[in-house]
Amino acid sequence: MGSATSSSGFPDFLDLAADQVAEGLLGCEIERKLDGETVVVRIVETEAYDEMDEASHTFRGRTPRNEVMFSEPGHLYVYFTYGMHYCCNVVCGPAGHGAAALIRAVEPVEGVESIERRRGIPGKAATNGPAKLCEGLGIDLEMNGHDLRREPLVLRERQLSDGEIVARTTRIGITRAADRVRRYLIAGNPYVSRPA
DNA sequence: GACAAGATTTGCT
DNA sequence: GCAAATCTTGTCG
């Protein structure tokens, strides 16, 4: 994994393959500035996708929608689905390979009230799902392609706490390549969308 | 140009 | 546990 919190705080492993990035993102923080407020959350669950994956948006090549997944690692790929939900991913390397790590669940660290107000629901139910956390953090298509090194949405590397262990399982909500073990989560964390 | 499916969430039975 | 809500994207004709 990356070194223990580099000076800039920005992860140095994002140019690696999707699975390594997905695992490395666990424990990392996202700082979101919106409406004059600052919200900080900690990533507790992710999933890996890339061109060789039948379940990935990039499996059948480049399209207007997935173009961002082929851009520089460290950018945000946001997509709209089911006619009402947004989900966000961190673009992974190597650059131009159409890979990304879906952020499936986060744990509030700061500004919980702001998240709950936007979601209209208190507690872990406010951020324990890909579309839920996007709504809670006010992320939509306007953030597609955003550079995560800049405000108002910044990604910072953080180590897992002592005793925290990474668990791997098959992914959730997909029908193709459903048997591939590419979902990563912090074992036992109460904010994950579903236990391991 | 038309149609089916979708990296989900929520509410009701 | 199951189905509805809701609409964009990709694929096929």
Side-chain ion pair, A/E135 and A/R118, N-O less than 4.0 Å = no
task = Would you mind classifying the nucleic acid contact of A/I121 as base, sugar-phosphate or nothing, using non-hydrogen atoms under 4.0 angstrom?
result = sugar-phosphate
task = May I have the distance from A/I103 (atom CD1) to B/dT8 (atom P), rounded to whole angstrom?
result = 14 Å
request  = Measure from the ring centre of A/Y49 to the centre of the six-membered ring in the base of B/dA7, then say whether that distance is under 5.5 Å and the planes meet at under 30°.
outcome  = yes
inquiry  = Just the rounded figure in Å: distance from P of B/dT8 to CG of A/L133.
reply    = 12 Å
key: Test: A/E72 and A/R149 ion pair at under 4.0 Å   = no
message = Rounding to an integer number of Å, can you tell me how far A/H85 NE2 sits from B/dG6 P?
response = 15 Å
message = Using OP1 and OP2 only, check whether a side-chain N or O of A/R119 sits under 4.0 Å from B/dT9.
response = no
inquiry  = Counting primed atoms plus P, OP1 and OP2 as sugar-phosphate and everything else as base, spell out the protein contacts along nucleotides 6-13 of chain C at 4.0 Å heavy-atom distance: B, S or - for each nucleotide, 5' to 3'.
reply    = BBSSSS--
query = Expressed in angstrom and rounded to an integer, what is the separation of A/R183 atom CZ from B/dT8 atom P?
reply = 11 Å
task = Looking only at non-hydrogen atoms, find the nearest pair between A/M69 and A/Y49 and report the distance.
result = CE-O, 4.5 Å
Consecutive Watson-Crick or G-U pairs in runs of at least 3, all under 3.5 Å, in which DNA chain C is involved = B:1-6 with C:7-12, B:8-12 with C:1-5
ask   = If you take all heavy atoms of A/F70 and A/G98, which pair is closest and at what distance?
value = CD2-N, 3.5 Å
request  = Taking only Lys NZ, Arg NE, NH1 and NH2, and the carboxylate oxygens of Asp or Glu, determine whether A/E107 and A/R158 approach each other closer than 4.0 Å.
outcome  = no
request  = Select base, sugar-phosphate, or nothing to describe what A/A131 touches, counting heavy atoms under 4.0 Å on all strands.
outcome  = sugar-phosphate
inquiry  = Is there a path of hydrophobic side-chain contacts, each under 4.5 Å between heavy atoms, that joins A/Y191 and A/V112?
reply    = no
inquiry  = Please report the distance, rounded to the nearest Å, between CD in A/E47 and P in B/dT8.
reply    = 7 Å
message = What is the separation between atom OH on A/Y184 and atom P on B/dA7, rounded to the nearest whole Å?
response = 19 Å
key: A/L141 side chain reached by A/Y86 side chain, heavy atoms, under 4.5 Å   = yes
query = Do A/E23 side-chain atoms and A/V166 backbone N/O form a donor-acceptor pair below 3.5 Å?
reply = no
query = Between B/dA7 atom C1' and A/L76 atom CG, what is the distance in whole Å?
reply = 14 Å
ask   = Whole-Å distance between B/dT8 C1' and A/N89 CG?
value = 14 Å
request  = Could you check whether A/L102 gets within reach of a base, just the sugar-phosphate, or nothing at all, counting any heavy atom under 4.0 Å?
outcome  = base
Side chain to side chain, A/E47 and A/I172, heavy atoms closer than 4.5 Å = yes
